[in-house]
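Working notes for the structure below.
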Number of protein chains: 2
Amino acid sequence: MTDHAKPLPNPELRDHDPPAADPWPDDPLAALPGYLLRRAANAMMAELATRLTALDLRISEATVLLLLGGREDLTSADIGKALDIQRANMVPLLARLETAGLIRREPINRKSQAILLTEAGQDRLARVREVTDRFERDLLDRVPDAHRAHLVPALRALSG
Amino acid sequence: MTDHAKPLPNPELRDHDPPAADPWPDDPLAALPGYLLRRAANAMMAELATRLTALDLRISEATVLLLLGGREDLTSADIGKALDIQRANMVPLLARLETAGLIRREPINRKSQAILLTEAGQDRLARVREVTDRFERDLLDRVPDAHRAHLVPALRALSG
DNA sequence: TGGCAATTGCTATGATTCATAGCTTTCAAT
DNA sequence: ATTGAAAGCTATGAATCATAGCAATTGCCA
């Protein structure tokens with residue numbers, strides 16, 4: 001939930017003058033993009049998870065609602081493929097959403113069923129959108145102007 | 001382990017002309033920085049984890065070795081604080097490293113003990129550095145030149 | 001100096017996430 | 001008509017992570 005690594009204790013060299021630049025001059029990890037990527041993602045996801053508790057949703061559940069918005073033709077397997085969730089793991093996820101009355105299932109044929117939002121699901125989705133819109137805005141606000149426009153393209157290059 | 005979300009099936013509108021630009025024109029998540037951040041981090045961490053299996057180390061274990069490099073004064077609690085790992089969860093982590101002969105413990109007083117690398121630990125650390133150096137280089141190589149320099153500053157703004 | 005709060009390292013435990021394997025039913029293509 | 005693939009599910013195990021509590025020790029402060 002919290003993800004704020006503390007600087008290492010620095011037994012010797014208590015006073016090194018440039019107090020700016022690198023906030024953790026003795027942390028061998030602070031410069032590693034991979035490490036920073038993980039930390040940033042952890043911190044942001046923890047933040048988002050916290051905000052979503054007000055809607056009684058986990059991140060994965062909110063993501064499913066987002067994906068379902070406006071669509072009425074997606075199967076459990078489709079959603080799983082889009083979000084990289086195993087078929088087996090879709091079961092409890094959708095079960096929870098169904099129990100909460102947010103989704104229902106519509107038979108496509110005797111094998112497949114479409115997952116679609118109930119009215120309650122649409123309402124909840126609207127609130128999810130408020131939370132995520134605000135979240136995305138806050139997230140971008142945290143990155144300095146000079147770098148902001150580069151974040152999405154850079155991340156996109158990494159996620160494929 | 002895999003983290004490659006597939007585009008959604010697009011039942012209607014099979015041919016929309018600009019085939020470039022947004023590779024997932026119908027994916028409502030593709031534009032969200034938070035979502036991309038999570039996906040990028042998952043993809044990269046899966047990749048790093050795979051590379052580290054050759055050294056029989058998990059990411060958290062390799063990170064501890066990295067942190068321990070050159071230091072001989074860090075306690076379990078120090079490491080935990082630096083990496084944001086609960087004290088309780090440091091126990092099995094360090095136990096595994098100790099069993100593997102990579103670290104040993106040196107009493108500081110009757111309450112605390114310093115964690116330090118054995119010779120084998122130093123050797124393993126050297127190999128960890130090779131893997132992570134290469135990994136960080138490959139990671140940065142994946143992001144287009146125009147955005148590369150902005151990644152670390154942007155991530156740094158998000159992790160604190 | 002005596003006492004008390006904080007720290008250390010640990011056990012135990014539960015929640016969450018995620019991957020794998022296997023099963024049955026159904027669809028689809030040859 | 002048969003067979004291979006897909007859908008949806010169960011069961012299970014691994015890994016990560018958070019919480020609570022405990023005993024011993026330390027350090028601060030009156």
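Per chain, numbering begins at 1; letters A, B, ... match sequence-line order.
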What is the distance, to the nearest angstrom, from the CD atom on E98(A) to the C1' atom on dC9(D)? 13 Å
Please determine if R39(A) and D84(B) form a salt bridge, counting it only when a charged side-chain N lies under 4.0 Å from a carboxylate O. yes
Identify, with sequence neighbours excluded, every residue that meets salt bridge (Lys or Arg N to Asp or Glu O under 4.0 Å) alongside R134(A). D138(A)
According to a strict under-4.0 Å criterion, is K81(B) in side-chain N/O contact with OP1 or OP2 of dT8(C)? yes
In this structure, how many angstroms lie between the C1' atom of dG8(D) and the CD1 atom of I79(A), rounded? 13 Å
Using a 4.0 Å heavy-atom cut-off, does S60(A) contact any base of the nucleic acid, only the sugar-phosphate backbone, or nothing at all? nothing
Considering only heavy atoms from C-beta outward, does the side chain of T75(A) approach that of I115(A) to under 4.5 Å? no
Per A88(A) side chain, nearest of listed nucleotides dA18(D), dT20(C), dG9(C): dT20(C)
For V64(B) and I79(B), what are the C-alpha separation, side-chain angles and deciding distance, and is it a side chain to side chain contact (heavy atoms under 4.5 Å, CB included)? CA-CA 7 Å; V64(B) 168; I79(B) 299 171; 4.0 Å; yes
Which nucleotide sits closest to the side chain of R58(A): dA7(D), dT16(C), dT26(C)? dT16(C)
Length of the CG-P vector between L94(A) and dC9(D), whole Å: 8 Å
Please classify the nucleic acid contact of R96(B) as base, sugar-phosphate, or nothing, using heavy-atom distances under 4.0 Å. nothing
Nearest-Å distance for atom pair CG/P, residues N89(B) and dA14(D): 18 Å
How long is the line joining CZ of R110(A) and C1' of dA6(D), in whole Å? 16 Å
Counting only distance, no hydrogens or angles, is the base of dT26(D) paired donor-acceptor with the side chain of K111(B) under 3.5 Å? no
Nearest to side-chain heavy atoms of Q86(B), which nucleotide of dT26(C), dT20(C), dA18(D): dA18(D)
Under 3.5 Å, which donor-acceptor pairs do the side chains of residues 53-61 of chain B form with other protein atoms, sequence neighbours left out?
residue, atom, partner, partner atom, Å
T53(B), OG1, T50(B), O, 2.6
R58(B), NE, E61(B), OE2, 3.2
E61(B), OE1, R58(B), N, 2.8
E61(B), OE1, R96(B), NH2, 3.1
E61(B), OE2, R96(B), NE, 2.4

Rounded to the Å, how far apart are I108(B) CD1 and dG27(D) P? 11 Å
Send over the distance from R38(A) CZ to dT16(D) C1', rounded to a whole Å. 11 Å
Choosing from dA7(D), dT8(C), dC9(D), which nucleotide comes nearest the side chain of A77(A)? dA7(D)
Whole-Å distance separating the CG atom of D78(B) from the P atom of dT8(C): 7 Å
Choosing from dC9(D), dA19(C), dG9(C), which nucleotide comes nearest the side chain of R87(A)? dC9(D)
